[in-house]
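Working notes for the structure below.
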Amino acid sequence: MQSRAEKHDLMAKVALITGVTGQDGSYLAELLLKKGYEVHGIVRRSSTFTTGRIDHLHQGFGANESPLNLHYGDLGDATGLRRIIEQTLPDEVYNLAAQSHVRISFDQPEYTADVVGVGALRLLEAIRDHIQRSGRTVRYYQAGSSEMFGEVAEIPQRETTSFHPRSPYACAKCYAHWQTVNHREAYGLFASNGILFNHESPRRGENFVTRKITRSATRIKLGLQDKLTLGNLDAKRDWGFAGDYVEAMWQMLQQDQPDDFVVATGETHSVREFLDLVFNKLELDPERYVDFDPRFMRPAEVDILIGDYSKAKRLLGWEPRVKFKELAEMMVASDLELAEREKRSLG
């Protein structure tokens with residue numbers, strides 16, 4: 001009689017995604033399902049449903065007939081992570097889970113460090129133990145962030161640029177990055193870091209500045225909101241489309257050797273540029289509707305980030321397809337439709 005692991009080897013590749021309910025998790029799950037993977041996602045238990053971005057992909061939790069299978073778990077629970085890995089027998093693990101809001105990390109530094117930093121270590125150790133026990137091969141992707149570069153002297157930033165993190169979130173991401181490198185070097189784990197620069201989409205959380213701008217501007221356009229309050233408008237970021245970036249994640253785990261890659265567009269734009277682009281698209285005057293509030297300023301700011309993705313282009317064959325203006329217009333169109341539905345519901 002075949003064992004469960006032997007039966008598994010005859011089936012399609014299996015992927016496990018932490019943070020599957022987030023922006024990146026939802027796009028990655030779609031990508032992997034299209035490629036024929038059996039996809040499992042880890043979801044934190046909450047008193048409210050948080051699966052809105054993936055409701056079209058699943059039905060319920062645990063093993064079922066849905067394309068996407070969900071399991072309750074948390075990066076703070078090492079035992080639970082081990083149990084899920086033993087149940088799902090993944091070929092690839094994508095760690096996308098995080099407390100990912102930089103400004104909020106200053107208010108919750110200990111929680112951020114535990115989930116983002118030590119959480120990655122718990123997952124790496126669970127994978128290492130599983131590999132040692134089963135003899136199976138498991139490939140690991142760690143979601144890094146351009147925020148790790150922080151206050152940089154080198155522009156643009158590449159894989160060899162030194163880190164100078166400027167937030168608890170960035171510090172925790174640096175820890176997760178180096179633990180991934182350490183497990184690769186110390187234990188031979190196929191573990192790759194993706195140093196992803198800012199990536200947005202219509203699925204971006206509404207407390208992130210790009211989505212906050214498009215959501216508020218479209219509501220202002222339809223008379224559902226009076227003002228938009230923002231912090232630093234001069235910060236410059238390298239903004240791309242999340243749907244493009246998850247393809248780079250997958251490509252990293254298809255290589256012969258694990259490695260670290262910057263994923264970016266090679267362009268930088270200020271928050272003010274994004275704001276102006278959105279408001280002009282909607283024929284609104286930002287001077288009339290936008291207020292400044294110092295509460296949204298970070299205690300330590302990162303002034304400019306711009307990535308050099310030449311290594312990803314050379315080794316992965318990856319390039320961004322969606323440009324800055326197209327990204328903004330995509331988000332405006334989606335949020336305008338959302339605002340129209342909201343207005344209709346109000347009668």
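- Checked against a 6.0 Å centroid threshold, the rings of F163 and F149 count as neighbours.
- In summary, R215 and E342 engage in a salt bridge, as defined by a charged side-chain N under 4.0 Å from a carboxylate O.
- The CG atom of L346 sits 13.0 Å away from atom CZ of R341, with the distance rounded to the nearest 0.5 Å.
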**Report entry** Worked verdict on E159 versus K311 for salt bridge (charged side-chain N to carboxylate O under 4.0 Å, His left out)
**Finding:** CA-CA 8 Å; E159 292 81 5; K311 181 179 177 181; 5.2 Å; no

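- Aromatic rings from Y27 and F241 are positioned such that their centres are separated by under 6.0 Å.
- A donor-acceptor distance shorter than 3.5 angstrom exists from the side chain of D244 to the backbone of V322, with no hydrogens or angles considered.
- Counting non-hydrogen atoms of neighbouring residues, nucleotides and ligands closer than 6.0 angstrom, the CD atom of E206 exceeds 12 such neighbours.
- Side-chain contact check for E267 and H269: at least one donor-acceptor pair (N or O, by modelled atom type) lies under 3.5 Å.
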**Report entry** From CA spacing to verdict: side chain to side chain donor-acceptor pair (under 3.5 Å), D238, T265
**Finding:** CA-CA 6 Å; D238 184 328; T265 70; 2.5 Å; yes

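- Between H101 and F208, a ring centre-to-centre spacing shorter than 6.0 Å is recorded.
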Requested in this report: Tell me, with the steps shown, if E247 and R321 meet salt bridge (charged side-chain N to carboxylate O under 4.0 Å, His left out).
Outcome: CA-CA 11 Å; E247 293 183 8; R321 293 191 298 269; 2.9 Å; yes

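- Expressed to the nearest 0.5 Å, how far CD1 of I155 lies from CD1 of I304 amounts to 4.5 Å.
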Query raised in the report: Between E340 and K221, is a salt bridge (charged side-chain N to carboxylate O under 4.0 Å, His left out) present by the stated rule, with each step listed?
Result: CA-CA 10 Å; E340 288 169 346; K221 180 69 175 180; over 6 Å; no

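- W318 does not carry K313 over the face of its six-membered ring by the limits of under 6.0 Å from the centre and within 45° of the normal.
- Side-chain contact annotation: H130 with E86, donor-acceptor N/O pair under 3.5 Å present.
- No more than 12 heavy atoms of other residues, nucleotides or ligands shown are found within 6.0 angstrom of CG on D226.
- Between D234 and R272, at least one side-chain nitrogen of the basic residue sits less than 4.0 Å from a carboxylate oxygen of the acidic one, meeting the salt-bridge criterion.
- In this structure, CD on Q257 lies 11.5 Å from CG on L315, to the nearest 0.5 angstrom.
- A donor-acceptor pair under 3.5 Å links the side-chain atoms of Q254 to the main chain of W250, judged by distance alone.
- Between atom CD of residue Q23 and atom CZ of residue R211 there is a gap of 9.5 Å, rounded to the nearest 0.5 Å.
- Once rounded to the nearest 0.5 Å, the distance linking CD of Q157 with CZ of F197 reads 4.5 Å.
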Query raised in the report: Given Q87 and H40, is the side chain to side chain donor-acceptor pair (under 3.5 Å) satisfied, shown in steps?
Result: CA-CA 10 Å; Q87 290 173 346; H40 297 262; over 6 Å; no

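- Using cut-offs of 30° and 60° on the angle between ring planes, the pair F274 and F324 is perpendicular.
- For the residue pair T229 and D293, no side-chain donor N or O sits within less than 3.5 Å of a side-chain acceptor on the partner.
- The closest donor-acceptor contact from the side chain of R122 to the backbone of L75 lies under 3.5 Å.
- Distance alone, capped at 3.5 Å, is enough to place a donor-acceptor pair between the K227 side chain and the R288 backbone.
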Report task. Evaluate the criterion salt bridge (charged side-chain N to carboxylate O under 4.0 Å, His left out) for residue pair K13 and D91; output intermediate values, then yes/no. Result -> CA-CA 6 Å; K13 275 188 178 180; D91 300 294; over 6 Å; no

